[in-house]
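Order of the sequence lines sets the chain letters (A, B, ...), proteins ahead of strands, with each chain counted from 1.
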Amino acid sequence: METSHGMSSADGGYEVVAAEHLPAKVGQKVEVRGWLYNRRSSGKLHFLEVRDGTSIVQAVAYGPDLEKTHPGLFEKLGALPQESSLIIRGAVKASPKQALGVEIGLEAAEIVAVAEPYPITKKEHSPEFLLERRHLWIRSKMQHATLRIRARIIKAIRDFFDERGFLCVDSPIFTPSACEGTTDLFEVDYLEDTKAYLSQSGQLYAEASAMAFGKVYCFGPTFRAEKSKTRRHLREFWMVEPEMAYATLDDVMVLMEELIVFIVAAVLKDRRPELAVLERDVKKLEAIQRPFPRLHYSDAVELLKKKGLPFEWGGDFGAPDEATISGEYDRPVLVHRFPAAIKAFYAKRDPQDDRLALGCDCLAPEGYGEIIGGGERATDIAFLEKMIAEHKLPKEAFEWYLDLRRYGSVPHAGFGLGVERTTAWICGTHHVRECIPYPRMLYRIVP
RNA sequence: UCCCUGAUAGCUCAAUGGUAGAGCAUCCGGCUGUUAACCGGAGGGUUGUAGGUUCGAGUCCUACUCGGGGAGCCA
């Protein structure tokens with residue numbers, strides 16, 4: 001019999017079942033393959049918490065009974081170190097005290113590998129200790145919950161765009177030069193005598209893809225070599241970047257709202273147990289409905305001044321500014337029409353006010369800061385050539401990009417959403433480093 | 001790059017300038033319903049590195065190394 005693990009059941013009569021599906025198997029004989037998560041014992045009883053990757057199930061072994069059928073096994077189970085791998089077999093029965101709602105009455109067990117003393121214990125550990133052992137840390141409950149929610153967010157993002165007629169057209173990771181030239185890039189050797197840079201944004205390519213396919217998105221890792229050292233920064237993170245031909249700033253602002261509402265709804269629908277593990281206040285997520293508040297940059301500046309922050313028109317928002325603005329609302333806020341001087345060279349100017357760019361940032365609630373940045377792109381080639389010169393960018397490197405304006409330029413717009421920041425907000429996680437399986441951080445690339 | 005902060009048992013932490021301690025983990029023993037299970041016992045240390053002050057330094061001073069938090073920039 002084929003199983004979800006791709007292995008056939010070794011013992012007739014026991015169906016191999018993923019722990020998460022055990023509640024539907026009450027009264028049946030099952031086999032669970034996993035690792036010993038924790039054990040409690042009271043002499044003739046062992047309570048074995050076994051995790052199989054999908055969930056954790058408690059198996060109860062009664063010494064005298066087990067001794068009759070499998071002599072010596074009970075004692076071995078009582079001495080089995082945490083994270084030893086084992087296969088358990090037994091009958092599923094309802095157990096309201098268990099988080100899963102069921103437990104297994106142990107009838108047989110196979111110890112696959114006895115683990116060495118496991119470094120991550122039930123007590124607290126420092127971030128340094130855990131990050132050093134990220135490859136083991138991801139076995140624990142909260143990391144499991146966070147990464148399962150992250151995976152659901154990623155699926156929601158793809159479903160959202162696929163269902164709305166966007167084509168997935170990925171941008172390259174090796175790029176010949178800076179996309180924006182404003183931030184530091186990771187330089188790598190690209191075979192002989194050639195340097196390449198790891199992508200810090202797929203956007204310029206997404207614009208080309210949009211001119212080819214209309215509505216597109218790219219989704220991949222992004223690399224920033226800035227020496228940022230905060231709970232909102234990673235060297236390597238994932239970003240989805242939709243781009244639409246014949247679209248305006250207003251169109252992408254609606255798209256931002258719809259995407260975020262869609263993601264939150266998907267997590268609320270399918271990841272309630274994980275949110276509970278993380279002790280997330282679900283009411284705050286349930287409040288995430290359209291429409292989101294919209295704030296003109298100049299109004300945001302007024303708000304900050306009214307709140308007593310030393311902010312001058314023309315500047316970019318710092319972390320305290322973002323927190324103050326988003327603190328006014330119970331859902332993400334869209335701040336639009338920033339000064340062009342603080343935005344990228346390709347941003348389209350506001351026809352109503354030439355000092356402004358038709359851009360929009362989405363600030364997550366509860367102080368999680370910017371999760372989206374985007375806007376409408378400049379269409380006029382002469383304007384772009386002027387901006388490239390002003391930003392002191394090498395024009396040759398952008399000739400292909402200027403071709404998009406030479407051959408059928410159209411109004412278009414798009415944005416980028418950061419997966420880890422979104423995950424941190426939805427999970428209520430303090431630091432984005434827990435929102436990616438293997439974080440790449442300033443001064444830490446291990447494991 | 002700048003500011004703040006930390007490094008003591010495997011882990012998390014304590015110790016007025018005067019014999020280095022606890023909880024957990026580990027090992028041994030006990031317990032039929034545990035939920036970070038609990039109870040009893042045992043082993044476990046060149047106090048990050050180098051130098052200095054002192055009769056005496058985990059503690060005070062200097063430098064270095066490696067972390068953590070934050071700023072700027074950004075998603």
Side-chain angles (χ1 to χ4, degrees), chain A residues 37-49 56-66 74 78-79 81-83 93 95-100 103 105 115-133 140-141 179-185 199-203 220-241 256 315-323 342-344 361-364 368-374 415-425 430-433 435-436 441-444 446:
Chain A
Y37 190 75
N38 191 19
R39 179 189 53 249
R40 292 172 291 274
S41 185
S42 64
K44 293 193 173 105
L45 281 175
H46 292 324
F47 301 93
L48 308 173
E49 281 190 290
I56 296 174
V57 62
Q58 173 169 281
V60 184
Y62 179 51
D65 284 356
L66 205 56
F74 185 77
Q82 191 183 353
E83 286 302 325
K93 57 179 186 181
S95 176
K97 279 186 187 173
Q98 295 297 307
L100 200 56
E103 65 181 17
E116 293 179 24
Y118 192 62
I120 300 176
T121 66
K122 287 170 266 183
K123 291 281 176 173
E124 285 177 18
H125 297 284
S126 62
E128 181 187 0
F129 183 84
L130 292 169
L131 286 166
E132 203 71 48
R133 293 159 184 79
S140 63
K141 272 183 196 168
C179 287
E180 304 181 20
T182 57
T183 50
D184 297 333
L185 294 166
S199 173
Q200 61 174 351
S201 167
Q203 191 213 304
T222 296
F223 307 88
R224 301 276 166 93
E226 296 154 331
K227 294 193 173 176
S228 311
K229 193 176 184 313
T230 81
R231 66 171 185 268
R232 299 181 306 282
H233 288 87
L234 294 167
R235 297 286 76 71
E236 177 184 312
F237 65 94
W238 284 66
M239 185 158 65
V240 62
E241 294 174 279
M256 289 176 190
D316 208 351
F317 300 130
D321 307 316
E322 286 185 356
I342 58 171
K343 287 292 168 185
D361 285 356
C362 177
L363 307 182
Y368 281 90
E370 185 183 347
I371 54 173
I372 290 179
F415 63 84
L417 173 134
V419 169
E420 289 75 20
R421 283 189 181 177
T422 302
T423 304
W425 160 51
H430 178 69
H431 201 303
V432 289
R433 67 188 167 203
C435 295
I436 189 167
M441 302 164 62
L442 191 62
Y443 308 132
R444 182 183 293 287
V446 175

Report yes or no: is there a donor-acceptor pair, N or O only, under 3.5 Å between the side chain of A:His125 and the base of B:rC11?
no
Nucleotide nearest A:Asp316 (side chain, heavy atoms from C-beta), chosen from B:rU34, B:rC74, B:rC31:
B:rC74
Would the base of B:rC11 count as contacting A:Arg133 through its side chain, where contact means a donor and an acceptor less than 3.5 Å apart?
no
Where the side chain of A:Gln58 is defined as all heavy atoms beyond and including C-beta, which of B:rC31, B:rG33, B:rA75 is the nearest nucleotide?
B:rG33
Rounded off to whole Å, could you give me the NZ-to-P distance for the A:Lys343 and B:rC73 pair?
11 Å
Using a heavy-atom cut-off of 4.0 Å across all strands, would you classify A:Arg232 as base, sugar-phosphate, or nothing?
base
Rounding to the closest angstrom, what is the interatomic distance between B:rG70 and B:rG52 at atom P?
39 Å
Note, A:Arg433 side chain near A:Leu130 side chain (heavy atom, < 4.5 Å):
no
For B:rG17 and B:rA36, measure between their C1' atoms and round to the nearest Å.
38 Å
Could you check which of B:rC31, B:rA71, B:rU34 has an atom nearest any side-chain atom of A:Ser41?
B:rC31
How long is the line joining CZ of A:Phe74 and C1' of B:rU34, in whole Å?
12 Å
Walk along nucleotides 23-28 of chain B from 5' to 3' and tag each nucleotide B, S or - by protein heavy-atom contact under 4.0 Å, base first, then sugar-phosphate.
SSS---
At 4.0 Å (heavy atoms only), tell me whether A:Ala99 reaches a base, stays on the sugar-phosphate, or touches nothing.
nothing
Within the 4.0 Å heavy-atom criterion, would you say A:Leu417 contacts the bases, only the backbone, or no part of the nucleic acid?
nothing
Length of the CG-P vector between A:Leu131 and B:rG68, whole Å
7 Å
Whether the side chain of A:Glu103 and the base of B:rG33 hold a donor-acceptor pair under 3.5 Å is what I'd like checked.
yes
Expressed in whole Å, how much space separates the P atoms belonging to B:rC60 and B:rA7?
10 Å
Closest non-hydrogen atom pair, A:Gln200 against A:Thr222
O-CG2, 3.1 Å
Take the protein atom CZ of A:Phe129 and the nucleotide atom P of B:rG48, then report the distance between them rounded to whole Å.
18 Å
P atoms of B:rU47 and B:rU5, separation to the nearest Å
25 Å
Measuring only the C1' atom in each nucleotide, how far is B:rG23 from B:rU62? A whole number of Å is fine.
36 Å
The salt bridge (Lys or Arg N to Asp or Glu O under 4.0 Å) partners of A:Arg40 (sequence neighbours excluded) come to A:Glu49
Quick one, A:Leu45 and A:Val60 - any side-chain contact, counting heavy atoms below 4.5 Å?
yes
Determine the contact category for A:Gly318: base if any of its heavy atoms lies under 4.0 Å from a base atom, sugar-phosphate if only primed atoms, P, OP1 or OP2 are that close, otherwise nothing.
sugar-phosphate
Which whole number of Å gives the distance between the P atom of B:rU53 and that of B:rG58?
16 Å
Looking at A:Ala79 and A:Arg39, what are the two nearest heavy atoms and their distance?
C-NH1, 4.0 Å
Are A:Met441 and A:Ile436 close enough, and set up right, to give a side chain to side chain contact (heavy atoms under 4.5 Å, CB included), and what steps lead you there?
CA-CA 11 Å; A:Met441 302 164 62; A:Ile436 189 167; over 6 Å; no
For RNA chain B, please output the secondary structure as dot-bracket, reading 5' to 3'. Pairs are Watson-Crick or G-U wobble, both atom distances under 3.5 Å; mark crossing pairs with [ ], other-strand partners with |, unpaired with a dot.
(((((((..((((....[..)))).(((((.......))))).....(((((..]....))))))))))))....
Just so I know, are the side chains of A:Trp238 and A:Glu420 near enough to count as touching, which here means a heavy-atom distance under 4.5 Å?
yes
When A:Met441 and A:His233 are each assigned the nearest nucleotide of RNA chain B, the 5'-most assignment goes to A:Met441
Heavy-atom nearest pair, A:Pro81 first then A:Ala115, reads CG-O, 3.2 Å
Where is the tightest heavy-atom contact between A:Gly373 and A:Asp361, given as atom of each residue plus distance?
CA-OD1, 3.4 Å
Rounded P spacing from B:rG41 to B:rA25 in Å
16 Å
Please report, rounded to the nearest Å, how far the C1' atom of B:rC74 is from the CZ atom of A:Arg235.
10 Å
Categorize A:Glu420 for me: base, sugar-phosphate, or nothing, with a 4.0 angstrom heavy-atom threshold over every strand shown.
nothing
Could you say whether A:His430 or A:Phe237 is positioned toward the 5' end of RNA chain B, judged by the nucleotide with the nearest heavy atom to each?
A:His430
Applying side chain to side chain contact (heavy atoms under 4.5 Å, CB included), run through A:Glu103 and A:Phe47 and close with a yes or a no.
CA-CA 10 Å; A:Glu103 65 181 17; A:Phe47 301 93; 5.7 Å; no
Between B:rG67 atom C1' and A:Arg433 atom CZ, what is the distance in whole Å?
11 Å
Would you kindly give the NE2-to-C1' distance between A:His431 and B:rG70, to the nearest whole Å?
11 Å
Which nucleotide in the set B:rU34, B:rC31, B:rA75 lies at the smallest distance from any side-chain heavy atom of A:Glu370?
B:rA75
Contact check, side chains of A:Phe237 and A:Cys435, non-hydrogen atoms, under 4.5 Å
no
Between B:rA71 atom P and A:Asp321 atom CG, what is the distance in whole Å?
11 Å
For residues A:Arg421 and A:Tyr368, determine if any side-chain heavy atom of one lies less than 4.5 Å from a side-chain heavy atom of the other.
no
For B:rA50 versus B:rC55, give the span between their C1' atoms, rounded off to a whole number of Å.
24 Å
